[in-house]
Amino acid sequence: MIRLHCFKIFTVLFALCVLGPITHCCASENERKIYIVYMGNLGEDEQSTSTYHSNMLQEVVDSRFEGESLIRSYSRSFNGFAAYLTHEEQEKLASKDEVVSVFPSVTFYPQTTRSWDFMGLQENAQRNPTVESDTIVGVIDTGIWPESRSFNDKGFSPPPKKWRGVCKGGQNFTCNNKLIGARYYKSSMPSGNESARDQEGHGSHTASTAAGNVVKDASFYGIAKGTAKGGVPSARIAAYKVCYPNIGCDSADVLAAFDDAIADGVDIITISVGNPEPLVLENDAIAIGAFHASQKGILVVQSAGNSGPALVASTVPWIFTVAASTTDRGIITKVVLGNGTTIMGKAINAFNLKGKSSRLAYGKETSSLCEEQLAKSCAKGCLEKRRVKGEVVVCSQYQGMEEALRAGAVGSVVLSTELADVSFVVPFPASGLTIPQFRDLQGYFDSTKNHTVDILKSELVKNLNAPSVASFSSRGPNFFFPSILKPDVTAPGVEILAAYSPMSSPSENPQDKRSTKYSIISGTSMACPHVTGAAAYVKSFHPNWSPSAIKSALMTTAWRMNATKDPKAEFSYGTGHIDPIKAADPGLVYESFPDDYIRFLCNSGYTSSTLSRIFGIGIQCPENKTSNDFNYPAMTFPLVGGRNKSATFSARFHRRVTNVGSGNSTYKAITSSSLDYNITVVPRILKFIALNQKQSFGVTISGKMSSKTNLISASLEWSDGVHSVRSPIVVYRDGL
Ligand SMILES: *[C@@H]1O[C@H](CO)[C@@H](O)[C@H](O)[C@H]1NC(C)=O
Ligand SMILES: *[C@@H]1O[C@H](CO)[C@@H](O)[C@H](O)[C@H]1NC(C)=O
Ligand SMILES: *[C@@H]1O[C@H](CO)[C@@H](O)[C@H](O)[C@H]1NC(C)=O
Ligand SMILES: *[C@@H]1O[C@H](CO)[C@@H](O)[C@H](O)[C@H]1NC(C)=O
Ligand SMILES: *[C@@H]1O[C@H](CO)[C@@H](O)[C@H](O)[C@H]1NC(C)=O
Ligand SMILES: *[C@@H]1O[C@H](CO)[C@@H](O)[C@H](O)[C@H]1NC(C)=O
Ligand SMILES: *[C@@H]1O[C@H](CO)[C@@H](O)[C@H](O)[C@H]1NC(C)=O
Ligand SMILES: *[C@@H]1O[C@H](CO)[C@@H](O)[C@H](O)[C@H]1NC(C)=O
Ligand SMILES: *[C@@H]1O[C@H](CO)[C@@H](O)[C@H](O)[C@H]1NC(C)=O
């Protein structure tokens, strides 16, 4: 999620705004921190109850703290617990035989409808309603607003038989046949009456985007009016609340949510939550939780992160990682200057200055307290009420808007640099301008003493450049696993209308007292549930497909993006923009299973003993290490070598595809061509005589990377005339 309030936006702009470490309530326990004591897979007949965990704790924890140390037990899908421990206590636990690893709990953050139509999944699309209605989408997020129309259960039958979850949403929280389950977790701040109710809007937004009902006449105060709907409107939702306002999402809670969701019987998990930077596997609760999910055939979809242009934090091959891009619908807010010129600014402005122009105020005249540059930027505390009251204040930075509102201005026009490609909900009439637009405004301001503007209510515009990846979307390459392309795909994540929490201010400004059931927000958080909905849609036609087959189907059928428009190419958008309908019939899929993930990790330098610890199962890595042979639907080769030097390369990949199209089919390899490289595929023709038959092939790309390039985008496409199964081949300079 990205919004304007410091807490909401910090994963994008205000990386420095991160809150301090969370400590336990009492000063005397300051040195106790939350650790996750992870004990790996559940044994066959293991008594992994919380009593067992308490007993283990008793052996190491000072008896004074015993009662309050254990926070939670994981015992449904894997074994372990979270507890407040001192450094010494955690070391004692780590040395026990049955303990796989002990790692500090870290804080993750949530990352913030036309979109489905844009990618071709229209309301009248062909569906498989029976299976879709048996599909359960697990949403790990900020909770959910159960009374939203998006989660109404009119027309829904009772939950599917396989459902083993509960509705433990807390006080005043009721589930129904659409929202069939709810749980909440709160390790770090035990207190009164928490519930699974969404206080922030983020969780309701993501849940409704993945699987919300078809809701007619939804809009944000009339803006973007239309039908709001999820990818699989007939599916059921189970909400797992792990994130809290001003706190974030504790990884101990995230792991607990995975433990429950897997055991509850969800079919797919969507998690628009992450760390701002990549975490090593040992400490990444989401990667570990998702591995256990993959063992149970559950696909986990995660947002890439809002740290763009910094690196994507979701790195493992068993997670489906999603970048955020625009749709063909943009939202603008016009600023009409007194001389008649109109500037198309970016903002989601539901207010109207009623056609009455207001005087502009800028710089010196707004403040006698601050020097001119600070006054121009509308720095906190600078603007004086008597000087700006009734005027539209110009600010040379985006956050100046909040100061203008505080000081009693009627509106604000601000310079928007970092996020010029996104419109945010503003708390009063306001619009964000690009640098050239802002220069024009300044020119007008200086050109006449009688300078006035009108800020209009937002309008929709056709975005001809769509889809393009948003600036905030985290980019590849993959910090830990350079041969695995990340992000995997892109999906709509800019200016998305979906359900919201009426408890949360839509602009996240305390002065903005509006309450809304639908709101428009942006972030890789919003892109992630689009892929979840699309994956559930594919699964409704192929209930027995493995998570990797569904992921492959969405990756290889994605819209081809234009690499010349995005210098980071596949590292911005993965294989491309998802196409749910094509993905339901991909022809061939690249599959991988938990054993393959283990082998891949062995090849990536993990030892048998480390992996045995992380996954809690005896693992023996094969002696011969190979590289690039993980059966991923994309091929990525990091070229080690200095920048600004031309370098020759030759990379080989082995892949295996499974025929899921028609029994008898013949696929031909089509490769991209360029003066910079040659691609050979052996064999170039794959003949299948049966469904589910597998065929292997090898790909070699060789050529020369010129001194001016850091990345080569090539591709291999298998075509039988009906299906086109495309994988990018990316060669890049390591360190890009
Ligand atoms: C329960 O929550 C709903 C929605 O916020 C609210 O309207 C209602 O008053 C609450 N009921 C109680 C008893 O708190
Ligand atoms: C409990 O809920 C009420 C009503 O929603 C709220 O005003 C109060 O602050 C909550 N108390 C705690 C301890 O969270
Ligand atoms: C100032 O400009 C506004 C809008 O362009 C116009 O309506 C008004 O008459 C002008 N006032 C003066 C004193 O020029
Ligand atoms: C209004 O003022 C701006 C800035 O001085 C200028 O670029 C623009 O051409 C003017 N528009 C008209 C219609 O005079
Ligand atoms: C890709 O973008 C470039 C630059 O905008 C444009 O010239 C080219 O025609 C585009 N290619 C395709 C296939 O759309
Ligand atoms: C390992 O590689 C060597 C040399 O390439 C080969 O002779 C041997 O059979 C391989 N061992 C296994 C277990 O694949
Ligand atoms: C590489 O080239 C860029 C511009 O092309 C230059 O800014 C940079 O300093 C060069 N780096 C090295 C290591 O030569
Ligand atoms: C595929 O073709 C072969 C020979 O042409 C035929 O015997 C077989 O029945 C066909 N299989 C299917 C599934 O159509
Ligand atoms: C591609 O192959 C052709 C024919 O073998 C060769 O002449 C050419 O140099 C190769 N190109 C590159 C970039 O290696």
Side-chain angles (χ1 to χ4, degrees), residues 332-346 353 355-366 376 391-396 411-416 420 429-456 563-564 569-570 628 635-653 668-684 697-717 728-734 736:
I332 56 141
T333 293
K334 285 179 180 166
V335 177
V336 184
L337 308 182
N339 74 359
T341 291
T342 296
I343 301 176
M344 310 259 260
K346 289 289 285 175
L353 283 180
K356 189 173 121 276
S357 295
S358 305
R359 259 188 71 81
L360 278 175
Y362 184 40
K364 271 206 295 267
E365 62 184 270
T366 63
K376 281 187 166 172
E391 317 221 316
V392 169
V393 177
V394 179
C395 303
S396 62
S412 185
V413 183
V414 300
L415 175 62
S416 172
S431 190
L433 308 188
T434 62
I435 292 171
Q437 289 175 328
F438 195 76
R439 218 175 278 135
D440 284 351
L441 177 76
Q442 281 173 311
Y444 167 69
F445 182 86
D446 293 337
S447 72
T448 166
K449 289 235 146 34
N450 180 23
H451 32 61
T452 60
V453 292
D454 194 8
I455 299 172
L456 306 187
T564 61
E570 279 80 7
N628 297 325
M635 294 162 228
T636 308
F637 180 72
L639 177 59
V640 181
R643 290 180 162 236
N644 301 7
K645 274 192 269 174
S646 69
T648 56
F649 60 85
S650 178
R652 284 177 60 77
F653 306 91
K668 289 200 177 79
I670 302 169
T671 50
S672 58
S673 63
S674 158
L675 292 176
D676 296 334
Y677 57 79
N678 289 319
I679 299 174
T680 47
V681 183
V682 180
R684 283 197 82 87
F697 58 90
V699 178
T700 306
I701 180 167
S702 56
K704 199 166 181 180
M705 178 97 73
S706 89
S707 61
K708 291 188 191 65
T709 331
N710 288 316
L711 185 150
I712 288 175
S713 270
S715 69
L716 162 67
E717 187 179 324
I729 306 172
V730 180
V731 181
Y732 73 100
R733 285 183 200 270
D734 204 7
L736 165 66

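Whatever order the structure lists ligands and atoms in, that order sets their numbers, starting from 1. In this chain, numbering begins with 1 at the start of the sequence shown.
For ligand 4, the atoms lying closer than 4.0 Å to a non-hydrogen atom of G443 are 4 (C), 5 (O). Less than 4.0 angstrom separates some heavy atom of Y444 from each of these atoms of ligand 4: 2 (O), 4 (C), 5 (O). Below 4.0 Å from some heavy atom of T341 lie the following atoms of ligand 4, by number and element: 1 (C), 8 (C), 10 (C), 11 (N), 12 (C), 13 (C).
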Does Y444 form a side chain to side chain contact (heavy atoms under 4.5 Å, CB included) with N339? I'd like the steps, not just the answer.
CA-CA 8 Å; Y444 167 69; N339 74 359; 3.7 Å; yes
Go through the steps for Y677 and I729 under the test side chain to side chain contact (heavy atoms under 4.5 Å, CB included), then give the verdict.
CA-CA 11 Å; Y677 57 79; I729 306 172; over 6 Å; no
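Contact detail for E365 and L360: the closest heavy-atom pair is OE1-O, 3.9 Å. I679 and S715 get closest at one heavy-atom pair: CD1-O, 4.1 Å.
The salt bridge (Lys or Arg N to Asp or Glu O under 4.0 Å) search around E570 returns none, not counting sequence neighbours. In this view, R684 satisfies the salt bridge (Lys or Arg N to Asp or Glu O under 4.0 Å) rule with no residue, not counting sequence neighbours.
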Are any protein N/O atoms closer than 3.5 Å to the N/O atoms of ligand 9? If there are, list each pair with names and the distance to one decimal place.
from	atom 1	to	atom 2	distance (Å)
ligand 9	2 (O)	N678	OD1	3.4
ligand 9	2 (O)	N678	ND2	2.2
ligand 9	11 (N)	N678	ND2	2.9

What pairs of donor and acceptor atoms, side-chain ones from residues 433-442 against any protein atom, are under 3.5 angstrom apart with sequence neighbours left out?
from	atom 1	to	atom 2	distance (Å)
T434	OG1	Q437	N	3.4
T434	OG1	Q437	OE1	3.3
Q437	OE1	T434	N	2.9
Q437	NE2	M344	O	2.9
Q442	NE2	Y362	OH	3.0

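Here D440 has backbone heavy atoms under 4.0 Å from ligand 4, and that is the only part of it that gets that close.
Separating the CD1 atom in I712 from the NZ atom in K704 is a distance of 11.5 Å, to the nearest 0.5 Å.
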